[in-house]
Amino acid sequence: MRRMLPLLCAAALLSGCAARSEPTIQTFFAMDTTMSVTAYAEDPTDALVAAQQAVNRLDALWSRTRPDSDIARLNAAAGTGAVAVDGDTAALLTTANAVAEESGLAFNPVLCPVMDAWGFGSTESETTAVHRVPAQAELDELLPLTRDLPLVDGDTAALALPGQAVDLGGIAKGAAARYVVDALTQNGVERAIIALGGNITALGVRPDGHPFRVYVRDPRGEGEDYLCLIALPDGRTCSTSGGYERCFVADGVTYHHIIDPANGYPAQSGLLSVTVVADDPALADAWSTALFVLGPDEALRRWKSGQGTVAGMDLILVTDAGHVYVTQGLEEGLETLGEEAGYTYEIVRR
Ligand code: AMP
Ligand code: MG
């Protein structure tokens, strides 16, 4: 039984089976994606309005397309000097830089010119984007713009080189989850499932005291096929990155939207998808993208080493060959669903 309800509904149903009241689901579009907050409370109306307002505020700060956003102003000033930014923008840029440094630039917040060359930039919606394979000479010109990270000093930020540009598409949605949690808890909601694009955060546990459970998508499936079901404890975030999310085909070759900053091409690291479960939603989001670029051997090496940020997370790595590595912290509550589709599963321990 691999075909199931869409993830959000499924999460809501599973989590709601013993709820005091029916959950209230608020769905909205922000940060270029569909978001939903499923709250379990007597009357979560104010909390849900506050949650959506929090995301809209961040979208207005972090969008590349709104000319007055912090990120648009930072990009417009590239090579000319620093711009004043909101404290939340400075904090996000600092986190993005930290992941970039620790990942050896596998996560790269200034990859924007290269992504635009492929038509994956977030200046265009998926329906109007013109995808194309850039010439090597074009990539060779753009790649030097991706080597210097944004400079953050207090509440100012700067890009050193003209033509540089920031795109926070790989981290902003996860980062927003923290603000949604705050908005909900400040308005009396103690139990919720927050789904911001590929990032799902659990606030509280189910009314029966067990953790919420969420489906992880089958990266080779149709969108309603699932690889597994996992428990998501209170306060944790599950972020998935996969090439299937945005891609195009040219001359029979599929090109996807997660770019390897080393060569400017879609990452071919041997992975179909990476799921990260972590306490910090921004780090879950950014590292799912970074580990997709780094590949299974490097991801597992970092996790097994017991040192660094990745070691404190749990991972689900799906290889091109259909092998699924699941780190030991996710074993309890794991339900595998992809055997019929040819997946094999392995619990990784240290
Ligand atoms: P995610 O779905 O979180 O993995 O983020 C994918 C998005 O991050 C893409 O649509 C791009 O906007 C951006 N992106 C692609 N490759 C990278 C990379 N290597 N580092 C940082 N951001 C990236
Ligand atoms: Mg990400």
Side-chain angles (χ1 to χ4, degrees), residues 31-35 62-65 71 75 92-93 95-126 129 131 134 139 142-143 145-147 149-150 164-177 195-201 216-217 219 237-248 255-269 271-278 280-295 298-299 309-310 313 315-318:
M31 297 187 171
D32 227 6
T33 192
T34 302
M35 304 188 159
W62 299 341
S63 159
R64 262 187 72 199
T65 42
I71 297 305
N75 291 347
L92 182 59
L93 288 169
T95 304
N97 282 351
V99 179
E101 275 166 15
E102 192 179 342
S103 67
L105 286 192
F107 178 84
N108 186 327
V110 287
L111 203 52
C112 197
V114 173
M115 292 185 313
D116 283 351
W118 287 91
F120 287 128
S122 61
T123 49
E124 308 185 74
S125 79
E126 266 312 277
H131 294 130
L139 291 176
L142 296 174
L143 284 169
L145 298 173
T146 68
R147 302 300 180 232
L149 294 173
Q164 276 199 294
V166 166
D167 184 318
L168 298 171
I171 188 171
K173 294 183 280 290
L196 311 182
N199 310 281
I200 304 186
T201 301
V216 176
R217 198 174 137 175
T237 294
C238 166
S239 295
T240 300
S241 290
Y244 57 83
E245 287 167 34
R246 283 185 187 189
C247 53
F248 71 96
Y255 298 93
H256 63 70
H257 71 137
I258 302 178
I259 304 291
D260 184 346
N263 58 16
Y265 260 71
Q268 296 229 337
S269 65
L271 288 170
L272 296 176
S273 75
V274 175
T275 297
V276 170
V277 178
D280 183 318
L283 294 182
D285 191 0
W287 276 103
S288 68
T289 310
L291 295 178
F292 187 92
V293 172
L294 289 172
E298 179 60 13
T309 305
V310 176
M313 301 173 153
L315 314 176
I316 302 174
L317 308 172
V318 187

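All ligand and atom numbering here is 1-based and tracks the order in the structure. Just so you know, residue 1 is the first one in the sequence shown, and it goes up from there.
Interface atoms of ligand 1 facing Met115, defined by a heavy-atom separation under 4.0 Å, are 11 (C), 12 (O), 13 (C), 14 (N), 15 (C). Near Ser241, meaning under 4.0 Å from one of its heavy atoms, ligand 1 places the atoms 1 (P), 3 (O), 4 (O).
Salt-bridge check for Asp32 with Arg246: passed, with a basic side-chain N closer than 4.0 Å to an acidic carboxylate O.
Of the candidates Thr289, Val293, Leu111, the one placing a heavy atom closest to atom 1 (P) of ligand 1 is Thr289.
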Starting from the C-alpha separation in whole Å, work towards a yes-or-no answer on side chain to side chain contact (heavy atoms under 4.5 Å, CB included) for Leu111 and Asp167. CA-CA 7 Å; Leu111 203 52; Asp167 184 318; over 6 Å; no
With side chain to side chain contact (heavy atoms under 4.5 Å, CB included) as the criterion, how do Val276 and Val274 come out once you've worked through the C-alpha distance, each side chain's angles and the decisive distance to 0.1 Å? CA-CA 7 Å; Val276 170; Val274 175; 4.0 Å; yes
Go through it in stages, so that I can follow the logic: the residues are Glu102 and Thr309, the test is side chain to side chain contact (heavy atoms under 4.5 Å, CB included), and I'd like the CA-CA distance, side-chain angles, deciding distance and then a yes or no. CA-CA 8 Å; Glu102 192 179 342; Thr309 305; 2.7 Å; yes
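Only the side chain of Pro261 comes within 4.0 Å of ligand 1, judged by heavy-atom distances.
For Ala106, a nitrogen or oxygen atom sits less than 3.5 Å from a nitrogen or oxygen atom of ligand 1, counting backbone and side chain alike. Backbone and side-chain nitrogen or oxygen atoms of Ser288 are examined, and none is located within less than 3.5 angstrom of a nitrogen or oxygen of ligand 1. Taking any N or O of Arg246, backbone or side chain, none lies under 3.5 Å from an N or O belonging to ligand 1. Residue His257 has at least one nitrogen or oxygen atom sitting less than 3.5 Å from a nitrogen or oxygen atom of ligand 1, judged on distance alone.
Under the 6.0 Å cut-off for aromatic ring centres, His131 and Phe120 qualify, their centroids lying closer than that. Checked against the 6.0 Å centroid criterion, the rings of Trp287 and Phe107 do not qualify as a close aromatic pair. Taking the six-membered ring wherever Trp is involved, the centroid distance between the rings of His257 and Phe248 does not fall below 6.0 Å.
The heavy-atom pair separating Ser239 from Asn199 by the smallest distance is OG-OD1, 2.6 Å.
Within the 2.8 Å limit, Gly170 places at least one N, O or S atom next to the Mg ion (ligand 2). Inclusion of Thr289 in the first shell of the Mg ion (ligand 2) is supported: an N, O or S atom falls under 2.8 Å.
Using a 4.0 Å cutoff on heavy atoms, Phe107 counts as a contact of ligand 1.
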